[in-house]
Amino acid sequence: AVDKYKDMKNEIDLVTMDITMPGMDGITAMERIIEFDNEAKVVMVSALGKQDLVKKSFMLGASNYIVKPLNRDKVIERLSYVLDS
């Protein structure tokens, strides 16, 4: 995800990143994207019960978050808010 963002930065408006991923966790990947581009808009996706990780991601630069299970209206609302800000 980090390498893909670097390759396509000028074509990307927003990144959605799951907090829990194999290999590199989403918070680390988000940090690396923001280190590369401090204007990157990253929305974290998390399961219920991961509030501590959501808070950590905000402190490290996440633009917003979405909680699973996904609700279509809530996803659109959160992504629109980030894109409009």
Side-chain angles (χ1 to χ4, degrees):
V2 176
D3 291 338
K4 185 65 100 175
Y5 185 87
K6 289 178 178 181
D7 290 342
M8 301 182 69
K9 176 185 177 246
N10 294 328
E11 301 171 51
I12 297 173
D13 297 318
L14 178 136
V15 174
T16 57
M17 181 79 62
D18 201 317
I19 285 180
T20 306
M21 300 187 311
M24 180 186 300
D25 67 86
I27 293 175
T28 302
M30 177 201 68
E31 285 182 288
R32 292 190 182 167
I33 288 172
I34 291 173
E35 285 173 9
F36 174 74
D37 176 11
N38 66 353
E39 294 183 19
K41 295 179 179 184
V42 182
V43 175
M44 300 305 291
V45 180
S46 171
L48 287 172
K50 305 259 183 179
Q51 292 89 340
D52 56 329
L53 295 175
V54 171
K55 284 182 188 178
K56 181 178 180 180
S57 68
F58 266 117
M59 291 178 7
L60 296 171
S63 301
N64 213 321
Y65 71 96
I66 300 168
V67 176
K68 294 187 250 180
L70 301 177
N71 171 290
R72 183 180 193 279
D73 293 334
K74 196 58 96 171
V75 169
I76 291 170
E77 174 188 309
R78 297 280 169 97
L79 298 182
S80 294
Y81 175 81
V82 171
L83 288 171
D84 291 341
S85 59

Item to complete: Could I get the full list of side-chain contact (heavy atoms from CB on, under 4.5 Å) partners for Ala1, not counting sequence neighbours?
Response: Met17
Discussion item. Using the rule that Ile, Leu, Val, Met, Phe, Trp and Tyr join whenever any side-chain heavy atoms are under 4.5 Å apart, tell me whether Ile19 and Met24 fall into a single cluster.
Written reply: yes
All N/O donor-acceptor pairs, side-chain side in residues 76-85, below 3.5 Å, sequence neighbours left out:
from	atom 1	to	atom 2	distance (Å)
Arg78	NH1	Tyr65	O	2.7
Ser80	OG	Ile76	O	2.8
Ser85	OG	Tyr81	O	3.3
Ser85	OG	Val82	O	3.0

Fill in: Qualifying residues under salt bridge (charged side-chain N to carboxylate O under 4.0 Å, His left out), relative to Lys68, sequence neighbours excluded
Asp18
Practice prompt. Name all residues meeting the ring pair (Phe, Tyr, Trp, His ring centres under 6.0 Å) criterion together with Tyr5; count only those two or more places apart in sequence or in a different chain, and write none if there are none.
Written response: none
Discussion item. With rounding to the nearest 0.5 angstrom, report the CD1 to NZ distance, Ile66 to Lys74.
Written reply: 10.5 Å
Throw together a table of side-chain donor-acceptor distances under 3.5 angstrom for residues 54-62, partners on residues two or more places apart or in other chains.
from	atom 1	to	atom 2	distance (Å)
Ser57	OG	Val54	O	2.7

Practice prompt. Could you pull out all residues at least two apart from Thr28 that satisfy side chain to side chain donor-acceptor pair (under 3.5 Å)?
Written response: Asp25
Worksheet item: Which residues pass the side-chain contact (heavy atoms from CB on, under 4.5 Å) test with Met8, sequence neighbours left out?
Response: Lys4, Glu11, Ile12
Fill in: Pairs where residues 8-40 contributes a residue and the test ring pair (Phe, Tyr, Trp, His ring centres under 6.0 Å) is met, not counting sequence neighbours
none
Worksheet item: Is there side-chain contact between Val43 and Val75, with heavy atoms separated by less than 4.5 Å?
Response: no
Worksheet item: Would a hydrophobic clustering, with Ile, Leu, Val, Met, Phe, Trp and Tyr connected at side-chain separations under 4.5 Å, put Leu53 with Met44?
Response: yes
